[in-house]
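All remarks here apply to the structure that follows.
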There are 2 protein chains.
Amino acid sequence: MPNQDQAESGRTKATIVDVAVAAGTSTATVSRVLSGSNYPVSSETRKRIIEAVKKVGYTPNLLGKMLKTNTNASIGIIIPTFQNPFFVQIIQGISERATSRGYAPLAFSSQRNPILERNLIEQLLQKRIMGMMVASIDDSPKTIQHYILRGGKVCVFESNFEDFNSYILAKTDMLESGRIAMNYLLSMGHRNIAIITTPLRKQTRAQTLMGCRMALQAQNLDFSDEDIIIARYEKELEDGLFEFEIGKEMVRELLNRKKKYTAVLAVNDLIACGIVNGLKLHGIAVPNEISVIGLDDIPLASMITPALTTVHMPSYVLGQKACQMMIDALEKDEQTAGISLSIQPKLVIRDSVIKIS
Amino acid sequence: MPNQDQAESGRTKATIVDVAVAAGTSTATVSRVLSGSNYPVSSETRKRIIEAVKKVGYTPNLLGKMLKTNTNASIGIIIPTFQNPFFVQIIQGISERATSRGYAPLAFSSQRNPILERNLIEQLLQKRIMGMMVASIDDSPKTIQHYILRGGKVCVFESNFEDFNSYILAKTDMLESGRIAMNYLLSMGHRNIAIITTPLRKQTRAQTLMGCRMALQAQNLDFSDEDIIIARYEKELEDGLFEFEIGKEMVRELLNRKKKYTAVLAVNDLIACGIVNGLKLHGIAVPNEISVIGLDDIPLASMITPALTTVHMPSYVLGQKACQMMIDALEKDEQTAGISLSIQPKLVIRDSVIKIS
DNA sequence: ATGAAAGCGCTAACAC
DNA sequence: GTGTTAGCGCTTTCAT
């Protein structure tokens, strides 16, 4: 005998059977009404079912549905940390699109921990979530390959391994943004420019540098490896804002160089803000004594003084577009292979770069 | 005939049946091995099963398990935005604890949208996720009550409705922190203090003010309603950092007042940082001409110049502890009613408050 | 237009 | 120590 008295007690979960009984129909009909199928059901019956749902206090069990239909309308999102606004923006873009298309965006942080990242991916597989959008910090592509082998569709925003041809690539165009930033410094008369970066393991870093180089070469300028100041960081501060600290620390390094720089280009805004902060601490005026340009355009950039001149990465839009491609891949079983997505970065002029003679 | 050739193709999903066949055992035995039950299985058989798993390329289907056992070892987390570091910290704390206890933390942003918040809660219910930790922006407690009625356990970090007695309350002690902040300003010799706040609808705001009042009264000082400057905000900027903008705008308001203030207390750091920024724009030196104190201790606080003096809210620890209580509630079916959790805030002295004569 | 019934992949009695 | 089997709640043929 099916449960009664549930709407009130709420203890036992009502099932589709209870609804059927209360409505005096079969479970099949209930399912047809509730799952929004376009199967014909008399409006009479339909009404009775709607009422029965309320009467018995029914909440659909998605697990049953997923198991039966072998579909999980969710998209997994894995980023290194929620503390980095850049990733948060991407999530926002993804979520907006996913939600409006009927998918549930599930966001996870790997905490910059490869083991955790792998676990998360395995979890997705076990929950039969077959779409994943990831900014990976794993050195090995093995887990992602495994995910794909098991039938998952993947979109990659960032990776440390060499990209292969089985997923949607949605990286920001670091080459172009490096070029734009360097170009701007040159146009403002700077010739002695230091580049401050985290280690080059990440491809993105190498690309940014390449972009800088292109800008310089276009002006027939040379480019000394000495001008690249690389942070060696072992410690990853827990609070996720370690890149700000790195920037702050790199100022000492910068000032120790024999060469006198008029401008510095940082590979991301968090580092750039740290640099601005560190320079102030050393009593050096930005931009009057030294100009600073960043890359990313995170909210923080406009919140410090002087407001940071930087290159805007359209991460929100990138997330949106990438998500759309993911959904297409999921629904039409389209190939993700070889697809890559990129959006033009844009210079944002604020107050941290000054024109020199 | 069960699928063969799956490890290679990965097309059809292997099931427990396939494993059983490959291992020459029954599904029951397979389940006993894989689900980590302590049911006795000969190490011989066990080994064969482990091998079979690899051979057929088996990935457990959690949906089947959840449906069968009627358990979903996940904890839903709903916050207004990922852009606010305060919430992100809470998530971090929750995640750490949840993960180490075998629960999957599922974080969602309601985007400060009550409708979305309600949908998310309904989603949790439908996925049979019976634990939810939420910073609610809904004016009505109806959805949360519904969730509880359906058997869900709830922990609330923030709410706009009047708290009722059926969930774990884990709010930061705004009264105490208001008191601490005001106390500090008084101890630094300030007597003309403006309080800048967003509208008082939120209880937290009222509590902060109450704390300020307590500090003042303890010194037999009076407290004029004029000193409270309330932002009226309709527009919620998309980027989630609208509170910074509010702070910035409120500076005009502040300077228009006839009374000359030596210090301002902002109800959170984002606003405080906006105020510092706005003051600079007006050419007013912080802290020399006017001191500013915030509440929260978000990372940004130490990244602006002058670094913001504020009151640290132990949000990470709060998340941890609250999550532990949630797990207890879930596992031991303990009552959540009437439990409330609070952690002592702590003054963080940096550079934005100066001692005056 | 409606219903009966067969599973989706898993676990847990219950039997041996 | 191992196997058989009955469902968990749902969708979906296939009948009617």
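Reminder, nothing fancy here: chain letters follow the sequence lines and each chain counts from 1.
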Polar side chain donor-acceptor pair, A:Gln145 to A:Tyr167, under 3.5 angstrom
no
Rounded to 10°, the helix from C:dA1-D:dT16 to C:dC16-D:dG1 deviates from straight, judged by its five-pair end axes, by 40°
Going by the rule ring pair (Phe, Tyr, Trp, His ring centres under 6.0 Å), which residues pair with B:Phe157 if we only count those two or more places apart in sequence or in a different chain?
none
Where along residues 29-37 of chain A does a heavy atom come under 4.0 Å from DNA chain C, residue by residue in number order?
A:Thr29, A:Arg32
Would you check if the side chain of A:Arg150 reaches a backbone N or O of B:Lys13 as a donor-acceptor pair within less than 3.5 Å?
no
Phosphate oxygens OP1/OP2 of D:dG3: is one of them under 4.0 Å from a side-chain N or O of B:Ser26?
yes
Taken to the nearest whole Å, CG/A:Leu63 to P/D:dC8 is 15 Å
Residue whose closest nucleotide on DNA chain D lies nearer the 5' end, B:Asn70 versus B:Gly24:
B:Gly24
Applying side-chain contact (heavy atoms from CB on, under 4.5 Å), can you list everything that pairs with B:Tyr39, at least two apart in sequence or on another chain?
B:Arg32, B:Ser37
Of the candidates D:dC10, C:dG3, C:dA12, the side chain of A:Thr25 sits closest to C:dG3
For DNA chain D, what residues of residues 40-48 of chain B have any heavy atom nearer than 4.0 Å?
B:Pro40, B:Val41, B:Ser42, B:Thr45
Can a donor-acceptor pair under 3.5 Å be found between the side-chain atoms of A:Tyr39 and the base atoms of C:dT2?
yes
Below 3.5 Å, can you tabulate the donor-acceptor pairs from side chains in residues 130-142 of chain A to any protein atom, sequence neighbours excluded?
| from | atom 1 | to | atom 2 | distance (Å) |
| --- | --- | --- | --- | --- |
| A:Ser136 | OG | A:Glu117 | OE2 | 2.7 |
| A:Ser136 | OG | A:Asp138 | N | 3.1 |
| A:Asp138 | OD1 | A:Arg118 | NH2 | 3.0 |
| A:Asp138 | OD1 | A:Ser140 | N | 2.9 |
| A:Asp138 | OD2 | A:Arg118 | NE | 2.8 |
| A:Asp138 | OD2 | A:Arg118 | NH2 | 3.3 |
| A:Ser140 | OG | A:Lys142 | N | 3.0 |

